[in-house]
Amino acid sequence: MQPGMRVAVPFGKSKIYTGIVYSVHQNDPPGYETKSIDQILDESPIITTNQLDHWEWMANYYMCTLGEVIRAALPSAFLLESETIITLAKSVEVDENDLTDEEFLLFEALQHQSSLHINDIRSILDRRNVVAVIQKLLNRGVVGVQEEIVEQYKPKLKRYIKLAPDYSEEESLRELLNSMSRAPKQRQVLMTLFMLSATEKNVDSILLQKKSESTSAVLKTLIEKGVLEEYYIQKDRFEYEGEAPSEVKKLTDAQQIALEEIQNSFAERDITLLHGITSSGKTEIYVKLIEEMLSNGRQILYMLPEIALTTQLISRLQKYFGEKIAVYHSRYSMNERVEVWNHVLHKKSKAKIVIGARSSLFLPFQNLGLVIIDEEHEPSFKQYNPAPRYHARDSAIVLANLHNAKVVLGSATPSLETYYNAVQNKYGLVVLKERFGKLQLPDIELVDIRDKLKRRLMTGHFSDRLLEEINTVLENEEQVILFQNRRGYSPVVECTTCGVSPQCPNCDVSLTHHKFKDELRCHYCGYTMAMLIACLACGSETLDSKGFGTEQIENELKELFPLKNIARMDQDTTKGKHAYAKLIERMEDQEIDILVGTQMLAKGLDFRSVSLVGVMNADNLLNFPDFRAHERSYQLLQQVSGRAGRTLKRGKVIIQSYNPYHQILKQVSENDYEAMYKEQTEERYQYKYPPHYRTIKITFRHRNFSTMQKASIWFGEVLQIQLKENVLGPVSPPVGRIRNEFISNILIKIPKQQSLQKTKEFVQKVIQRFNTVKEFSQVKIIVDVDNY
Ligand code: ADP
Ligand code: ZN
Ligand code: ZN
């Protein structure tokens, strides 16, 4: 037995759990009697010692248990327990002769019953220790662990048009054309088809229609007449189909210099920040670094924030590296995750490069050489719930260190923390200020909504300037992206007679009106009710909408541009299985003229024909009550702006605001990251926030307000004995009650010269004492280190 192997361990009379061997020793534990292990499940470790070290660091740093880290780290198929449900894997050819008697019994049972609990399997096999049998079948893909079924996205089929085989002879073709002299439109389609098929293997039906200035009806007629045939091909997205890898692009001079600077910086340090403006070609530089590392035979981890894990980037990298790429994502099926795990563990060539969201850093890397963290500033790298509440960027840096690997952090708008480390010379800093193709950065114009309102130049939520620009862009058949940082129709409904807004019964927050379903919804707990006709407080039928969200913008657009295709991208429209991928696809195919969305739009999307980006209202970003709000606003606005003008023509950005003289907006419009950094870090210094101080946030939750309050005050007072003025709170957050639990927060600020470890140990001690107070035993405590 070795550390990193799994064992089945008994609990109580009938329960079993999967345990991980952590260390092997001969000492009797004091105070309790040990049970013996049922079975050893692995022949060799499936978890490396590096992983165990890394996870222990995480548990310690983020103040949670090792078990919590392991739960987050392992695909649940690795952790069989009594409650696990076993099913037959779909579409697997099984040769029954290859199965042992017990395996066969189980296999047969599963053909009669679609799923079995481990305890059922015990009685079928008539023995206690069944995990090893199940595990063997799992490894061979015969059975699976029941999970929420997530189907892989099937890309949509694209329609293509060709000439019917009857007309492949020149003779018959000429006849056909002659016979069409009275149908000029049909003739035009045919002529265009010849022209297009000279250069293209498959002629896209939409392209054909556009180029021949025809309609789908004309195409349909020709197909019905048997002149044309339609056929469908799947647009290749997820599946790499093994075509020859394409040549890696040649770097531009500016990119080449940046690459060399990174390499030089690696000679001295392990971590380098690549601060490259949007569309400067950071990905191409990563590709070169990956190539180099591959030739050294080492593994590469390429991390992206959740939502940016677009098919766009994956297919781009697959074109270069083909099968060497594995994608690791919590939305993938269990089997796929287990497969990637095993490929990485056994250093298979199929998983030399892993692209993944934050959980990919838990994989069993053997000789990691390079970690790329793209869009390193993205807050979604931080996990909030459940524990471990880890920051994937910071944890990946520790992981890289365990492997002696290099780290590139890439961003157009680095986080203050990272930039601070670069300025302090802890990280190398490489700057790339030129867009690929020497494209200009978009021209950013600030529009004063207050002034426009006064001069009656607003139509709904659109200023005259924004409408002018939208019109121009649409005339040129280009696309528009509009950004509104709120979903729903109108966030708040208010009675104009008495001023009361309908509230969520479970949370201290106003309900949001969603017009499409005409309902009121709570964004914190999901509570919904039908939209009210009259005010619940005074009965007047004078309910009015305040504020505005993506849905309302979408509706206004539909009225303003009835002939255009308008779509919306937010949490509500991307809930469906592949809704997000489909929207991106429709956008790429130019089936959408105007896309309205929330910050989902900001991340790494690369659409060729978007030449205008509009920000409907910058104020609700800027006024968000959080010490990172200004930094976040800068990053978001800069990133959404970066979606404009990715072709030769200079893009245009219009930012509407009630406060166009805000420093952040000025810095965004001048693309002045350094000025933003300087001002924000000074402010953070003054108010004792990161990057100068570290923070630990402690949250208290309880259904009874006074218990919660007493508990948090007690805790705060004990902390203050040692940490003095660096303990803030307890204070109620803006939403002081969620799901019927009252909430309050304490923030601990830790100066750089104070030991982080000692402070955590002290907090840990206070928690232990807190847990001994009977009155507080039901109060939930959440500890969040480096909170976001
Ligand atoms: P970033 O990640 O910095 O925003 P990308 O790497 O996505 O930029 O590059 C922007 C666009 O420019 C992409 O479509 C990419 O294919 C193209 N591009 C960048 N560098 C090159 C190059 N050296 N040769 C050809 N195309 C390039
Ligand atoms: Zn009222
Ligand atoms: Zn609620």
Side-chain angles (χ1 to χ4, degrees), residues 59-65 67-69 71-72 382-390 500-512 520-529 536-537 624-627 688-689 694-750 758-788:
N60 179 34
Y61 188 88
Y62 291 107
M63 301 181 72
C64 63
T65 65
E68 282 168 324
V69 180
R71 280 223 170 266
K382 178 75 160 57
Q383 164 148 319
Y384 179 63
N385 252 338
R389 299 183 171 81
Y390 65 103
V500 167
S501 309
Q503 300 286 306
C504 175
N506 312 318
C507 313
D508 283 345
V509 68
S510 302
L511 294 168
T512 301
L520 294 168
R521 195 181 305 168
C522 172
H523 283 181
Y524 287 85
C525 72
Y527 172 87
T528 56
M529 66 190 275
L536 288 176
F624 200 75
D626 177 88
F627 73 86
K688 300 188 176 179
Y689 279 114
R694 294 181 178 274
T695 59
I696 300 175
K697 186 165 124 182
I698 306 175
T699 302
F700 301 83
R701 307 177 78 133
H702 193 264
R703 295 178 78 88
N704 180 304
F705 179 76
S706 77
T707 309
M708 184 282 299
Q709 200 184 29
K710 242 192 228 162
S712 58
I713 289 173
W714 181 95
F715 206 103
E717 279 169 359
V718 179
L719 285 177
Q720 262 158 10
I721 296 171
Q722 192 163 328
L723 304 175
K724 311 265 164 15
E725 76 280 3
N726 286 329
V727 180
L728 242 75
V731 286
S732 290
V735 179
R737 185 178 54 120
I738 294 178
R739 295 173 199 277
N740 278 320
E741 284 180 333
F742 292 92
I743 304 165
S744 127
N745 291 319
I746 290 177
L747 190 68
I748 302 174
K749 296 176 174 178
I750 306 163
K758 289 230 172 74
T759 311
K760 284 177 189 167
E761 281 162 18
F762 172 61
V763 173
Q764 211 57 276
K765 256 193 222 142
V766 179
I767 293 175
Q768 273 164 22
R769 269 188 53 197
F770 180 88
N771 286 338
T772 62
V773 182
K774 210 167 154 223
E775 199 188 345
F776 303 151
S777 63
Q778 297 300 317
V779 179
K780 282 182 214 151
I781 297 191
I782 295 162
V783 183
D784 190 6
V785 178
D786 298 339
N787 64 293
Y788 259 70

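In this chain, numbering begins with 1 at the start of the sequence shown. Just so it is clear, the structure is predicted and the values come from calculations on it, not from any experiment.
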Heavy-atom distance under 4.5 Å between the side chains of [X] and [Y], does that happen here?
X	Y	result
Val779	Arg701	no
Ile698	Ile782	no
Cys522	Asn506	no
Arg737	Cys507	no
Val727	Ile746	yes
Leu719	Val766	yes
Ile748	Lys697	no
Leu511	Met529	yes

Using the rule given for side-chain contact (heavy atoms from CB on, under 4.5 Å), can you reason through Thr528 versus Leu520, listing the C-alpha separation, both sets of side-chain angles and the distance that settles it, and then say yes or no? CA-CA 5 Å; Thr528 56; Leu520 294 168; over 6 Å; no
Which heavy atom of Thr707 sits nearest to which heavy atom of His702, and what is that distance?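 Here Thr707 and His702 meet closest at CB-ND1, 3.8 Å.
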Closest non-hydrogen atom pair, Ser744 against Pro733: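 Scanning both residues, the minimum pair turns out to be CA-CD, 4.1 Å.
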Give the C-alpha distance, both sets of side-chain angles, the deciding distance and a yes or no for side-chain contact (heavy atoms from CB on, under 4.5 Å) between Glu68 and Thr65. CA-CA 5 Å; Glu68 282 168 324; Thr65 65; 3.3 Å; yes
How many angstroms lie between [atom1] in [X] and [atom2] in [Y], if you round to the nearest 0.5 Å?
X	Y	atom1	atom2	value
Leu747	Thr699	CG	OG1	9.5 Å
Glu761	Lys758	CD	NZ	7.5 Å
Phe762	Ile721	CZ	CD1	6.5 Å
Met708	Ser732	CE	OG	5.5 Å
Thr759	Ile696	OG1	CD1	6.5 Å
Asn726	Lys749	CG	NZ	7.5 Å

Would Gln503 and Asp508 count as a side-chain contact (heavy atoms from CB on, under 4.5 Å) here? Give the steps. CA-CA 7 Å; Gln503 300 286 306; Asp508 283 345; 5.6 Å; no
Considering residues at least two apart in sequence or located in another chain, which fulfil the salt bridge (charged side-chain N to carboxylate O under 4.0 Å, His left out) criterion with Arg769?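 Not a single residue meets the salt bridge (charged side-chain N to carboxylate O under 4.0 Å, His left out) criterion with Arg769.
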Suppose the criterion is side-chain hydrogen bond (donor to acceptor under 3.5 Å, both in side chains): which pairs have a residue in residues 774-787, not counting sequence neighbours?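 Of all non-adjacent pairs touching residues 774-787, those that pass side-chain hydrogen bond (donor to acceptor under 3.5 Å, both in side chains) are Tyr61-Asp786, Lys382-Asp784, Thr695-Asn787, Lys710-Glu775, Glu741-Lys780.
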Got a sec, which pairs hit side-chain hydrogen bond (donor to acceptor under 3.5 Å, both in side chains) with one end in residues 714-725, sequence neighbours left out?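 As it turns out, there is no side-chain hydrogen bond (donor to acceptor under 3.5 Å, both in side chains) pair with a partner in residues 714-725 once direct neighbours are skipped.
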Proximity of Phe715 and Phe700 rings by center, below 6.0 Å: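 For Phe715 and Phe700, the ring centres are under 6.0 Å apart.
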Parallel, tilted or perpendicular: rings of Phe705 and Phe742 (30°, 60°):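 Aromatic pair Phe742/Phe705 classed perpendicular.
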I'd like to know whether Ile743 forms a side-chain contact (heavy atoms from CB on, under 4.5 Å) with Val735, so could you lay out the CA-CA distance, the side-chain angles of the two residues, the decisive distance to 0.1 Å, and finally the verdict. CA-CA 8 Å; Ile743 304 165; Val735 179; 6.0 Å; no
Look only at the side chain of Gln383 and the backbone of Pro386, and say whether a donor-acceptor pair between them is shorter than 3.5 Å.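 Judged by distance alone, yes, a pair lies under 3.5 Å.
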Check for me whether Arg389 meets the cation-pi criterion with Tyr62, that is, NZ or CZ under 6.0 Å from the six-membered ring centre and within 45 degrees of the ring axis.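 Verdict for Tyr62: no cation-pi partner in Arg389.
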